[in-house]
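Everything on this sheet refers to the single structure shown next.
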Protein chains: 2
Amino acid sequence: MAGHGARGRSGGRPTLEEVAARAGVGRGTVSRVINGSPRVSDATRAAVEAAVAELGYVPNTAARALAANRTDAIALVVPEPETRFFAEPYFSDMLRGVGAELSETEMQLLLIFAGSDRERQRLAQYLAAHRVDGVLLVSVHADDPLPDLLAQLEIPAVISGRRSAEETLPSVDSDNYGGGRAAVEHLVSRGRSRIGHLAGRMDVYGAQRRVDGYRQGLRDADREVDDRLIVPGDFTEEGGRRAMTLLLERFPDIDAVFAGSDVMAAGARQVLRESGRRIPDDVALIGYDDSAIARHMDPPLTSVRQPIEEMGRAMIDLLLGEIADRRPVASRGLEKRQLVLPAELVVRASS
Amino acid sequence: MAGHGARGRSGGRPTLEEVAARAGVGRGTVSRVINGSPRVSDATRAAVEAAVAELGYVPNTAARALAANRTDAIALVVPEPETRFFAEPYFSDMLRGVGAELSETEMQLLLIFAGSDRERQRLAQYLAAHRVDGVLLVSVHADDPLPDLLAQLEIPAVISGRRSAEETLPSVDSDNYGGGRAAVEHLVSRGRSRIGHLAGRMDVYGAQRRVDGYRQGLRDADREVDDRLIVPGDFTEEGGRRAMTLLLERFPDIDAVFAGSDVMAAGARQVLRESGRRIPDDVALIGYDDSAIARHMDPPLTSVRQPIEEMGRAMIDLLLGEIADRRPVASRGLEKRQLVLPAELVVRASS
DNA sequence: ATCACTGGTGGGAGCGCTCCCACAGTACCT
DNA sequence: AGGTACTGTGGGAGCGCTCCCACCAGTGAT
């Protein structure tokens, strides 16, 4: 608006060259100022900045991308249909963290859904065109081919969670092991004696770790681990019902249940109610994820909270590091590139 | 993987030049094939396509953007904080429509939040850099400066809804007038005699139109319109409660209420219940938006559904037209560039 | 005085495309 | 035969940057 009078004689947007002319310096110098190089004298920098302001200069991203071979954009790839994206708070929390961390930079975030085959096809094309400098992979299944594709294209990527104990990609996970342990520890401290576990899908590494944590929690309390107390579910409400039913058949005297997800806990709650048991009086119940379900359940559900938003931030940090570090193609170790963030038990009335 | 052996001697990605050499044609010809120009013989086209497939050629977007001065990307700008984006089904429906329509093209969709001042600042910078070919504006308030900015930068834009009767931007709206009319018509046909209206914020054009439709609906039935039956609210639950309370004071014998949104209807429902009135026996209730609230209310709420997803599709169609048409800078009229899609009454138990 | 350096700078080359002009070839008129 | 109009094609120019090499002081050591 005001102050942006001179717009370059050619009518279009001003270019580096025009800024250079106006500031009485060379093209290279302007480029250096724009990119924050330290090798510019203060006087020159000031002159260039003045010219930039006067002309209302904005760098042409396409030209920069072409010359520098980078795009200043990263993609958040969601291998799920959009419906689930909106339904699960996981994604909204993640997006918030990612967005917040990214707002400190010049990087642009692209949200890409890859739920259908069509969409995956499109994504592959997109990645092949190297239209992003890096990729954030969330909620990836163990057998997904995407990580391999990214490796082949040499596109830096960070994954949320780990696909297995031998995860090869830089990753940010929450402490599922610690979360499981904390849940059991809490139940023990509340004086519960027979603690069951409704496990998630065992092909999900995080679910395995929760089981491991559950076991260790019992051992820590010098309790014997009875494998029949561990019933696998599939993270669904129906799965939770079935698992709970089975558990009740095996152990009618059970007095505590740790579910691998809030949704499963909701299923378990129904079965417990139907069997005439009160929560928490007869049976204590703990979920996982600390989702809206947990807060709105009757009674409110004790649950293990994962720091999703922080995970998003951490993923960006890692990814930006990966992108910056790729000039020296040194394939550094994974030590510092696999983070595990603590999970936290949120105690409510159900335990 | 297999078949993509030859990747260009230089090790990097193959270029147009390399494809041309391989196909035994010139650079221009390959470009023509890639861009689907009809001015290429079938034989040549086949040869080029073979070379493209063999080399696994993918066009370099940055180079194309630089040379052609276009980005093949459009932005969906959400002038709300992310929280509301996830909370309101409006956005998810819109995104679904937009995504579906866009998947037929080569266009890339960018989702940009402009809820905070910081984000708006960033957006302005982004638009000034012309990083998108066009913009979809959803949920814009009447006094938002964004449309002006876009006009000034000469970036094609389409708005959802209209800011006023004299909307200058290409727009896609739903028939708020028709929706209001249909609601009243329905209530009349159900034998209701005294029909009130809880209006939305009157600085929202769509809310005004719903009032207009309400009035016309009464006139259509040869009923007199009493303005005291129209109570303005603000689209919130609390606003709905206040408006309903006022309406009951004025007309204790009221037997039907048409609310400007489902949320307001929810507020009204509480007040009606507290006053001992039954829905629909004593008072019929109709909402607007056909949101999840409507389906889950007790009793389920009759509501006016807007075809959000279709609106998203239509917006893309319009925008792509705008983008394509901008070479001949002819400022055509707005006739064909302002769409109004029909709203539909979904009848449930509340009426 | 000569020889290193060093911080600061200018500008050529080139990124991979699109646009457009030039031109060969064929077809169809006078 | 000569014109006129296409269709199909090749390749130069140029989009606006970054990268990098060359160069010009100035400074301190020899």
Side-chain angles (χ1 to χ4, degrees), chain A residues 7-49 51-52 55-72 106 128-131 133 327, chain B residues 7-49 51-52 55-72 106 128-131 133 327:
Chain A
R7 258 297 173 65
R9 25 246 139 278
S10 43
R13 297 162 51 198
T15 69
L16 247 205
E17 196 89 49
E18 291 170 12
V19 174
R22 175 130 191 160
V25 301
R27 205 168 10 79
T29 303
V30 178
S31 177
R32 254 163 256 143
V33 172
I34 300 292
N35 293 292
S37 158
R39 317 207 139 290
V40 183
S41 71
D42 290 348
T44 309
R45 164 168 288 116
V48 170
E49 280 168 351
V52 165
L55 295 174
Y57 171 76
V58 180
N60 180 320
T61 344
R64 173 178 287 174
L66 177 59
N69 197 30
R70 62 194 165 81
T71 63
D72 290 327
E106 296 284 77
H130 284 264
R131 293 184 61 172
D133 293 339
R327 318 204 159 251
Chain B
R7 260 296 173 67
R9 25 245 138 278
S10 43
R13 298 162 52 198
T15 69
L16 249 205
E17 196 91 46
E18 291 170 13
V19 174
R22 175 130 192 163
V25 300
R27 202 166 14 76
T29 302
V30 177
S31 176
R32 254 162 256 145
V33 172
I34 300 292
N35 293 293
S37 158
R39 319 205 137 291
V40 182
S41 72
D42 289 349
T44 309
R45 163 166 289 117
V48 170
E49 280 168 351
V52 165
L55 295 174
Y57 170 75
V58 179
N60 179 321
T61 342
R64 172 178 287 175
L66 178 58
N69 196 30
R70 61 193 166 81
T71 63
D72 290 328
E106 297 283 78
H130 283 262
R131 292 184 62 171
D133 293 338
R327 319 207 156 247

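Letters A, B, ... mirror the listed sequences (proteins, then strands); counts begin at 1. Since the model is a prediction, treat every value here as computed from it, not as a measurement.
Contact check, Asn35(B) against dT18(C): a side-chain N or O comes under 4.0 Å of OP1 or OP2. Within the structure, a side-chain polar atom (N or O) of Ser31(B) is placed less than 4.0 Å from OP1 or OP2 of dT18(C). For Thr29(A), no side-chain nitrogen or oxygen approaches OP1 or OP2 of dT9(C) to under 4.0 Å.
Listed by residue number, the members of residues 40-49 of chain A with any heavy atom below 4.0 angstrom from DNA chain D form an empty set.
Side-chain proximity of Leu16(B) to the nucleotides dT18(C), dC20(C), dC17(D) is greatest for dT18(C). For Arg64(A), counting side-chain heavy atoms from C-beta on, the closest listed nucleotide (dG7(C), dC19(C), dT18(D)) is dT18(D).
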Can you name the atoms? Protein N/O to nucleotides 12-14 of chain C N/O, anything below 3.5 Å, with the distance.
| residue | atom | partner | partner atom | Å |
| --- | --- | --- | --- | --- |
| dG12(C) | N7 | Arg27(A) | NH2 | 3.1 |
| dG12(C) | O6 | Arg27(A) | NH1 | 3.0 |

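In this structure the side chain of Glu18(A) reaches within 4.5 angstrom of the side chain of Thr15(A), judged on heavy atoms.
Partners of Asp72(A) according to the side chain to side chain donor-acceptor pair (under 3.5 Å) rule, which considers only residues two or more places apart in sequence or in another chain, are Arg70(A). Listed by chain and number, the residues in a salt bridge (Lys or Arg N to Asp or Glu O under 4.0 Å) with Glu106(A) amount to none (sequence neighbours excluded). Taking the side chain to side chain donor-acceptor pair (under 3.5 Å) definition, one finds that Ser37(B) meets it with nothing, sequence neighbours left out.
Going from atom CD of Glu17(B) over to atom P of dC17(C) covers 9 Å, rounded to whole Å.
Where Arg32(B) and Ala63(B) each meet DNA chain C at their nearest nucleotide, the meeting point lying more 5' is that of Ala63(B).
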Donor-acceptor pairs are to be reported for all side-chain atoms of residues 56-65 of chain A against protein atoms at under 3.5 Å, with residues two or more places apart or in another chain.
| residue | atom | partner | partner atom | Å |
| --- | --- | --- | --- | --- |
| Asn60(A) | OD1 | Ala62(A) | N | 2.8 |
| Asn60(A) | OD1 | Ala63(A) | N | 3.0 |

